[in-house]
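As the structure is a computational prediction, the values presented were derived from the model and not from experiment. To find a chain, count down the sequence lines: A is the first, B the second, and so on, and within it residues start at 1.
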Amino acid sequence: MELVEIARVEYSLQEIASAVTAEVIGDRDMVISGVAGLETAETGDLVFAESPRFLDSALRSRASAILLTTELAAGARAGLKSLLVVLQPRLAFVQVLRLFAPIQHRPPGIHESARIGDNVRLGVGVHIGPNVIVEADSVIDDGVVLLAGVIVGEGCAVGAGTVVHSNVVLYPGVTLGRACIVHAGSVIGADGFGYVPIGNGLMKVPHLGAVEIGDEVEIGANTCIDRAKTGVTRIGSGTKIDNLVHIAHNVTVGQACLIIAQVGVAGTVTIGNGVILGGQAGIKDHVSLGDGARVGAQGGVIGDVAPGTTVSGYPARPHQDKMRELGSLTALPDALKRMRAMEKRLAVLEAALQARRSEDDASGDPAEPIGTEGAERAG
Amino acid sequence: MELVEIARVEYSLQEIASAVTAEVIGDRDMVISGVAGLETAETGDLVFAESPRFLDSALRSRASAILLTTELAAGARAGLKSLLVVLQPRLAFVQVLRLFAPIQHRPPGIHESARIGDNVRLGVGVHIGPNVIVEADSVIDDGVVLLAGVIVGEGCAVGAGTVVHSNVVLYPGVTLGRACIVHAGSVIGADGFGYVPIGNGLMKVPHLGAVEIGDEVEIGANTCIDRAKTGVTRIGSGTKIDNLVHIAHNVTVGQACLIIAQVGVAGTVTIGNGVILGGQAGIKDHVSLGDGARVGAQGGVIGDVAPGTTVSGYPARPHQDKMRELGSLTALPDALKRMRAMEKRLAVLEAALQARRSEDDASGDPAEPIGTEGAERAG
Amino acid sequence: MELVEIARVEYSLQEIASAVTAEVIGDRDMVISGVAGLETAETGDLVFAESPRFLDSALRSRASAILLTTELAAGARAGLKSLLVVLQPRLAFVQVLRLFAPIQHRPPGIHESARIGDNVRLGVGVHIGPNVIVEADSVIDDGVVLLAGVIVGEGCAVGAGTVVHSNVVLYPGVTLGRACIVHAGSVIGADGFGYVPIGNGLMKVPHLGAVEIGDEVEIGANTCIDRAKTGVTRIGSGTKIDNLVHIAHNVTVGQACLIIAQVGVAGTVTIGNGVILGGQAGIKDHVSLGDGARVGAQGGVIGDVAPGTTVSGYPARPHQDKMRELGSLTALPDALKRMRAMEKRLAVLEAALQARRSEDDASGDPAEPIGTEGAERAG
C-alpha cells in the first residue's frame, strides 16, 4: 500500500540519511523507530542537538542516534551514539519528523449527517465528519478537519489546516488559529466560574468575553478553556496543552509554552512565553509567570514567578530551596527528639552552674539565675 | 438589532443608574463593562456591597464602581470609587446582572435529528437541539434547553428552565432541578468506583442509586458526578461546581457551595451549606465538612472539618497554622545545621563542667556525668 | 414486571440465603441493600470474608452481614453481625452480586442513525445505539454494547461483552478486551504529549503506537489514555480506573490495579499488578511501581517504588515516615522559637563558664573560649 510507504514506524539510519541528505557516523543499519525530545528519548529514538550543551544531554540520553551539524559532530566522542551529520539540522529534523508523521488521509467533503448553519464560510478542502454541527456565522478555513460529533458554536473561526477531533465543543465566539490540533472531548469557551454572593445565594456573573487560540497550538483530550468575563482568554501560538487541563476565564498564556496534564490555571493569570507547567500544578488567580518560568509537577503557585525561575511545592518556592526543605523534613522527627534532649541537658548544665554560683554566693557574690534570660526573651 | 440593545458588553454608569433607578455619586460617564464578586473584580467592574465590611472590601478592590444603599453611601469616603446608590441593593444588582446577561435565543422546538423515546413528557417551550437523545420515561420540563449531542438516559428528570450544554451525558435516573446550567461534556450518573477483592481479582459492586441535583445548580465542563451505590448522590440547590470536578458516589453537598475546578470528593463525603472547596482540593471518603467550611486550593482533607473553619495543606489543618508551619519549613535546613552546632557546644560545655567536677571529685565529691540523664530519657 | 424481580435494590437476608444456598446465623429479616468492600461498607451492606484477617475487618466494618465459610463462622463472636454461611464463599458472593446487578436490557440491533464503515466485523448480539460511528476495519465482538454517540476509530477492536457508554471516543487502532466497561466521555488513544524544542518553537513528535486494554477493565467517565509514541500503552486485565484519570503514552499498567479519580500517570511509567493509586496522585515519567505498591491520595511519586510498599506525600516516601514527618511539622514553628531560646541560653552558659575560666586563668590556666569550636565546625 502506498500510504504505508509514506509513513512507517521504523527506518534504518541509512534510510533516514538518504531521505534528508545526511552523513552517518556509526551504525548505518541501526533501526530508528521514532524521534524524541532529549528528556523522553528511548532506545531506537533519534534526537536533535544544535549546541554543545544539547549534544551533552543527547550523549547522556537513552537515544540511539543524534542528528547534528558537522561542527558539533567533530567534538562528539565517537562510538557512544551513532550520528547523523547535516548542514541544516533544523530543516533536516523537520524532514525526519515528516517521515514518521501519521497520514492525515481525511478526504475533503461534508458528511451528509453534518449540519451547517446559515452564513457559514467554508474554505477549500475542508473535511466535515458525521454528526458535526457548525452553527451560524462561523468561518471554517481551508483544509480544516472537523471529525465526527464536533460542535462549533455560532460565530466561531477555525484557522486553515486545523484538526478538531471527535466530540470537541466550541462554544459561540471561539477563535482557533492555523494548524492547531484539538483532541477529543475538549471544551473551549464555557462560562468562567464567577458568582456574587447575595444574602445566602450566589448570583451568576455573566461571561460575555471570548477565547482566542493562536496558531499551531495543540490541546489535549478533555481539556477545558473558559471564555473571558469581558475581553479574551488567550493562548499564544505554538503553545502545547496536555489532557484534562483547566484554563479559567481571562487567562493569558504566551507562546511556545508546555502545559502538562491536569494543570489548573485560575482566573486572570498571566503566563509569559516558553513557560513550562508540570503535571497537576495549580496557579492561583491573578498571578503572573515571567517568560521561561517553570513550575514543578503538583506545584501550587500563589505569587508571581520571575522570568526564568523554576519553582515547586506548595506554596511554590525556588525549586532547589524547596527540595532542600522537603529533604530536611525527613530529619525533623528525629531533630525534635534531640532538641527535647538538649533542653534537658541545658537545664542540667544551668542547674549545675547555678549550684556552683550559689556556693560562690555563700561567699558574697550576687546571685542571678543562669540561662533564663535568653529563654524569656525568646518566648 | 434589538438583541444587541437588550444585552450589551458596556454601559455608562448613568445608563445603569437609569435602568435600576439609582443615584450616581461620582463619574456618570464611567464605562462599566461587567459585574463581579469583590475578590475577582477588575477595572470596569461594578461590585455589590450590602454591609460596612463588604463596603470596605469593595473600596479596596479593583472595581470601578460600587452598588450600595443610601446608608452605606453616607459612610463611604467620597472620590475613591464611583457609587451607585439604591434603596433595594439586592434587587438592583440582579437587575444590573440582567443588563449584562447573554441572550438565550434558543427558539422552542425539537430538531428533526433528535430522538425522543417512549413515554417522554416534554414541557412547554422546550428547545431540543440536533442529535440529542432523550430515552424513555424521562421528563423534560418547561423551557428546558438541551443543546446538540446531549444524551438523557432513561427515567431522568430535567427541571424547568435548565440549560444542558452540548455532549453532556445524563445516565438513567438522574434528576436535575430548575434553572440549572450544565456545561459541555459533563457526565452525571456514571457508576461509583467500588470493587470487592476476591482472590487476585476485583468484583464490581453494583451501583443502583441515583443522582439528584437541586435548583439553580451550575456544573462546569467535563465534570463527573457519580451515582450512589444505593440511595442518592445529592447536590444542594444554589451550589456551583467548576470544570473537571469529580464527585464520587453517595456524596451529599449542601446549598450554595462553591466547588472550584479539579476538586475531587471521594465516596460518602458530607458537605454542609455555603462550603468553599479551592481548586484541586481533595476530600477523603466518609469525611464531613460543616456549614461554611473552606478548604484551600490543593488541600487534602483526611478528617472532619468543623463549621466555619478554613483548612489547607496536606493533611489539611487550620489555614493559619498550616501557613505558619509551611513558612517555618523554609527555616528548617538552616535550623538543623544550627542544632548540630548546638549539640557540639553543649558537649563542650558538659565536658568542661565535668572536668571541673572531677577536680572537685578529687577532693571527695560523688562523680556523676553531667547532661546525659536528660538525653537518655528523651532518646 | 419481570425485570424488577430479577434485580432489586433490597432483599431480606433469608431471601439471599435461599438464592445462594446459605445458612443464616442471626437476623433473617434484616434488610440487605447492597454489597460492598470492607473499607467502604455501610449499614445494610453484605460483605465478604475469606480469611480470619478479613473476618476481623468485616466484624469491625459498618456492614450489617458477613458472607463466610462454616470454618470462619465457628470462630466469629456471635451476635455482632449476622452471618451468611456457605461452602464456597467466592461462588456465593458472585451470585449475590448478580442479585443486585442492574439489568443490561439493551436489545441487539444497530440503530438506523449509526454509521458503520467498510470492512467492519460485527459479532452476534451487538447493540449499537443512535449516532454511533464505527470506522473502517474495526472488529466489534459478540454482545458488545456501544451506546449513543460512541465513536470507534479505524482499525479498533472491541472484545466480547464490552460496554462502551455514550460519547466515548476511541482513536484509530485501540484494542479493548472482553467484558470491559468504558464510562461516558472517556478518550482512548489520543496522541501522547511530546515535542522537540527547535529554536523558539516546539515540533510535534509523531505518536504512531497503540493502546491495548485487557479484559474486565473498567474505565471511569472523562478519563484519558494516550497512545504510545511507538509500541503500546497497555492496561492489564482486571484493572479498574476511576473518573478523570490521565494515563500518558507508553505507560504499562499491570493486572487488577485500582487507579482512583484524577490520578495522573506520566509517560513510560511501569506499574505492576495489584497496585493502588490514591485519588489525585501523580507519577513522574519513567518511574516503576512494583507489584502491590500503594500510593496515598495526592502523593507525588518521583522515584521507583518497591513491591508491596506504601508511599505518600510529595516527594512520595514510605507512608509511616511521611505521616510522622508531616505530623512533626506541626511542632516546627514552636521548635524554632525554642531553639532560638536555647541558643541564647547556651551563649549565657558559655559566657559564664568562660568568666570562671578567666578567673582561673588569672591564676595561670591556658585560656580558650568555650563552645565555639563545635559551632565553627558545623557552620
Side chain, backbone, both or neither: which part of [X] has an atom under 4.5 Å from a heavy atom of chain B?
X        : value
C/Asp334 : neither
C/Phe93  : side chain
C/Ile241 : backbone
C/Ala148 : both
C/Ala347 : both
C/Leu346 : both

_Pairwise side-chain contact, C/Met339 with B/Met342, heavy-atom cut-off 4.5 Å (strictly under)_ =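 Yes. Closest side-chain heavy atoms under 4.5 Å.
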Top residue by heavy-atom pair count (under 4.5 Å) with chain B, among [options]?
options                                : result
C/Gly185, C/Gly129, C/Gly34, C/Ala36   : C/Ala36
C/Pro333, C/Ser166, C/Ala256, C/Gly279 : C/Pro333
C/Gly313, C/Ser33, C/Gly274            : C/Ser33
C/Ala221, C/Gly238, C/Gly37            : C/Ala221

Under 4.5 Å from any heavy atom of chain C - which part of [X]:
X        : answer
B/Ile302 : neither
B/Val132 : neither
B/Ser113 : neither
B/Ala335 : both

Between chain C and each of [options], count heavy-atom pairs under 4.5 Å; write down the option with the most.
options                                : result
B/Met203, B/Arg324, B/Arg115           : B/Arg115
B/Asp226, B/Thr268, B/Leu329, B/Asp285 : B/Asp226
B/Gly199, B/Gly194, B/Gly192           : B/Gly199

[X] versus [Y], closest heavy-atom pair with distance:
X        : Y        : value
C/Phe48  : B/Ile198 : CE2-CG1, 3.9 Å
C/Asn131 : B/Asn131 : ND2-O, 3.4 Å
C/Leu244 : B/Cys224 : CG-SG, 3.9 Å
C/Leu97  : B/Val205 : CD2-CA, 4.3 Å
C/Ile259 : B/Phe193 : O-CZ, 3.7 Å
B/Lys229 : C/Val35  : NZ-O, 3.1 Å

Look up atom [atom1] in [X] and atom [atom2] in [Y], then write down how far apart they are to the nearest 0.5 Å.
X        : Y        : atom1 : atom2 : result
B/Asn200 : C/Asn273 : CG    : CG    : 8.5 Å
C/Thr330 : B/Glu325 : OG1   : CD    : 5.5 Å
C/His111 : B/Ile133 : NE2   : CD1   : 6.5 Å
C/Gln280 : B/Gln280 : CD    : CD    : 7.5 Å
B/Lys204 : C/Glu218 : NZ    : CD    : 3.5 Å
B/Ile151 : C/His165 : CD1   : NE2   : 11.5 Å

If we ignore hydrogens and angles and just use 3.5 Å, is the side chain of [X] paired with the main-chain N or O of [Y] as donor and acceptor?
X        : Y        : value
C/Gln298 : B/Gly299 : yes
B/Tyr171 : C/Ala184 : yes
C/Asn167 : B/Asn167 : yes

*With sequence neighbours left out, write down each residue that passes salt bridge (charged side-chain N to carboxylate O under 4.0 Å, His left out) with C/Glu42, or none if nothing qualifies.*
none
_Derivation of the side-chain contact (heavy atoms from CB on, under 4.5 Å) call for B/His286 and C/Arg62_ = CA-CA 12 Å; B/His286 287 91; C/Arg62 296 182 185 82; 3.4 Å; yes
*Would you call B/Glu135 and C/Arg106 a salt bridge, taking side-chain N to carboxylate O under 4.0 Å as the test?*
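Looking at C/Arg106 together with B/Glu135, the answer is yes, because their closest N to O distance falls below 4.0 Å.
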_Would you say that more than 12 heavy atoms from the other residues, nucleotides or ligands in this model lie under 6.0 Å from the CD of C/Glu216, or not?_
no
